[in-house]
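Some notes on the structure that comes next.
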Amino acid sequence: MISEFTSDDILFLATILMFAFMINFFLSWLIFAHLSMRPLEKKLKALNKDSISQWDGPGWRVVTYAMKLVLPASFWGKNTMLIDPHLLKELATTKDKTLAFWLMLSGLLFVIVCIWYVETFS
């Protein structure tokens, strides 16, 4: 059955797969930013520990929050880079950590699929 597929069919299916991973990544980004990052920032502001909400590159703030929640707090050592990971983990709920993991995993998978796509079909 696979031998019946042409190279154009395989390229089309691979393109659909790549776009599915891209949409998953973008959705995870938006959902984490709105459902987890905003409440965490409000909690940090209430504690007067917010040093990042005024700063943002092209969405790096979202990635910073997600990385701090996914990686162990001991990974950062004394170099906390804008947010204290210990405090952030204390304030975060299980939902926040799950959404952060989804964001980081979907971003990693999207990059892997893009590299595979380019290497295979160019």
Side-chain angles (χ1 to χ4, degrees):
M1 175 137 187
I2 292 179
S3 61
E4 295 175 16
F5 288 116
T6 66
S7 61
D8 288 338
D9 293 335
I10 294 171
L11 177 62
F12 176 74
L13 291 174
T15 304
I16 295 296
L17 179 70
M18 186 186 67
F19 277 109
F21 275 89
M22 180 181 66
I23 290 169
N24 177 53
F25 177 50
F26 291 152
L27 284 175
S28 68
W29 187 292
L30 291 173
I31 290 170
F32 176 76
H34 288 286
L35 297 182
S36 291
M37 193 180 80
R38 282 185 177 181
L40 285 171
E41 282 185 340
K42 288 179 183 177
K43 291 176 186 178
L44 288 169
K45 282 182 185 178
L47 295 172
N48 204 18
K49 299 284 185 175
D50 179 32
S51 62
I52 192 172
S53 66
Q54 301 300 321
W55 170 86
D56 198 5
W60 291 117
R61 192 172 57 163
V62 178
V63 175
T64 302
Y65 275 89
M67 284 182 1
K68 298 290 178 146
L69 290 175
V70 171
L71 296 173
S74 61
F75 174 81
W76 302 101
K78 294 181 181 180
N79 303 319
T80 59
M81 190 177 80
L82 304 173
I83 303 172
D84 180 14
H86 298 282
L87 177 62
L88 192 63
K89 284 184 180 280
E90 286 177 24
L91 298 174
T93 64
T94 304
K95 176 193 76 160
D96 297 331
K97 293 174 185 176
T98 304
L99 290 176
F101 181 75
W102 177 35
L103 171 62
M104 299 307 292
L105 182 63
S106 64
L108 178 65
L109 291 175
F110 175 57
V111 168
I112 290 169
V113 168
C114 285
I115 291 170
W116 165 78
Y117 184 85
V118 168
E119 290 294 322
T120 305
F121 298 106
S122 51

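Because the structure is a prediction, the values reported are computed rather than measured. Positions are given from 1 along the sequence.
- Here the shortest heavy-atom pairing between Leu40 and Leu69 reads CD1-CD1, 3.9 Å.
- Of all the heavy atoms in Pro39 and Ser36, the pair that sits closest is CD-O, 3.3 Å.
- Side-chain polar atoms of Trp60 and Thr64 form no donor-acceptor pair below 3.5 angstrom.
- Considering every non-hydrogen atom in both Trp116 and Leu17, the closest pair reads CZ3-CD2, 4.2 Å.
- Between Leu44 and Leu91, the closest heavy-atom pair is CD2-CD1, 3.6 Å.
- Taken together through direct or relayed side-chain contacts under 4.5 Å among Ile, Leu, Val, Met, Phe, Trp and Tyr, Leu108 and Leu99 form parts of separate hydrophobic clusters.
- Val113 is connected to Met22 through a chain of hydrophobic side-chain contacts under 4.5 Å among Ile, Leu, Val, Met, Phe, Trp and Tyr, so both are in one cluster.
- Atom-to-atom distance recorded for Thr98:OG1 and Phe32:CZ is 11.0 Å, nearest 0.5 angstrom.
- Closest approach of Phe110 to Met18, counting heavy atoms only: CE1-O, 4.0 Å.
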Subject >> Verdict with supporting geometry, Asp84 and Lys49, side-chain contact (heavy atoms from CB on, under 4.5 Å) >> reply: CA-CA 9 Å; Asp84 180 14; Lys49 299 284 185 175; over 6 Å; no

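- There is no path of hydrophobic side-chain contacts, each under 4.5 Å, that joins Val111 to Phe19.
- A donor-acceptor pair is defined here as one N or O able to donate and one able to accept, closer than 3.5 Å; no such pair exists between the side chain of Lys89 and the backbone of Ala73.
- Looking at Arg61 and Tyr65, their side chains come closer than 4.5 Å, going by heavy atoms from C-beta outward.
- Atom-to-atom distance recorded for Cys114:SG and Leu109:CG is 11.0 Å, nearest 0.5 angstrom.
- Classification of the Trp29-Phe25 ring pair by plane angle, with boundaries at 30° and 60°, yields perpendicular.
- Once rounded to the nearest 0.5 Å, the distance linking NZ of Lys43 with CZ of Arg38 reads 15.5 Å.
- Side-chain atoms of Asn24 and Leu27, non-hydrogen and from C-beta on, never get closer than 4.5 Å to each other.
- With values rounded to the nearest 0.5 angstrom, Asp96 atom CG is found 15.5 Å from Phe101 atom CZ.
- For the atom pair CD of Glu41 and NZ of Lys45, the computed distance is 6.0 Å after rounding to the nearest 0.5 Å.
- The minimum heavy-atom distance between Lys95 and Leu35, with the atom names listed, is NZ-O, 3.1 Å.
- Heavy-atom neighbours of Tyr117 OH from other residues, nucleotides or ligands within 6.0 Å: above the threshold of 12.
- Phe21 and Ile10 fall within the same hydrophobic cluster, where Ile, Leu, Val, Met, Phe, Trp and Tyr residues are linked whenever their side-chain heavy atoms come under 4.5 Å apart, directly or through other members.
- Counting only distance, with no hydrogens or angles, the side chain of Ser106 and the backbone of Leu103 share a donor-acceptor pair below 3.5 Å.
- Following chains of ILVMFWY side-chain contacts shorter than 4.5 Å, one can reach Ile83 starting from Leu47, so the two form part of one hydrophobic cluster.
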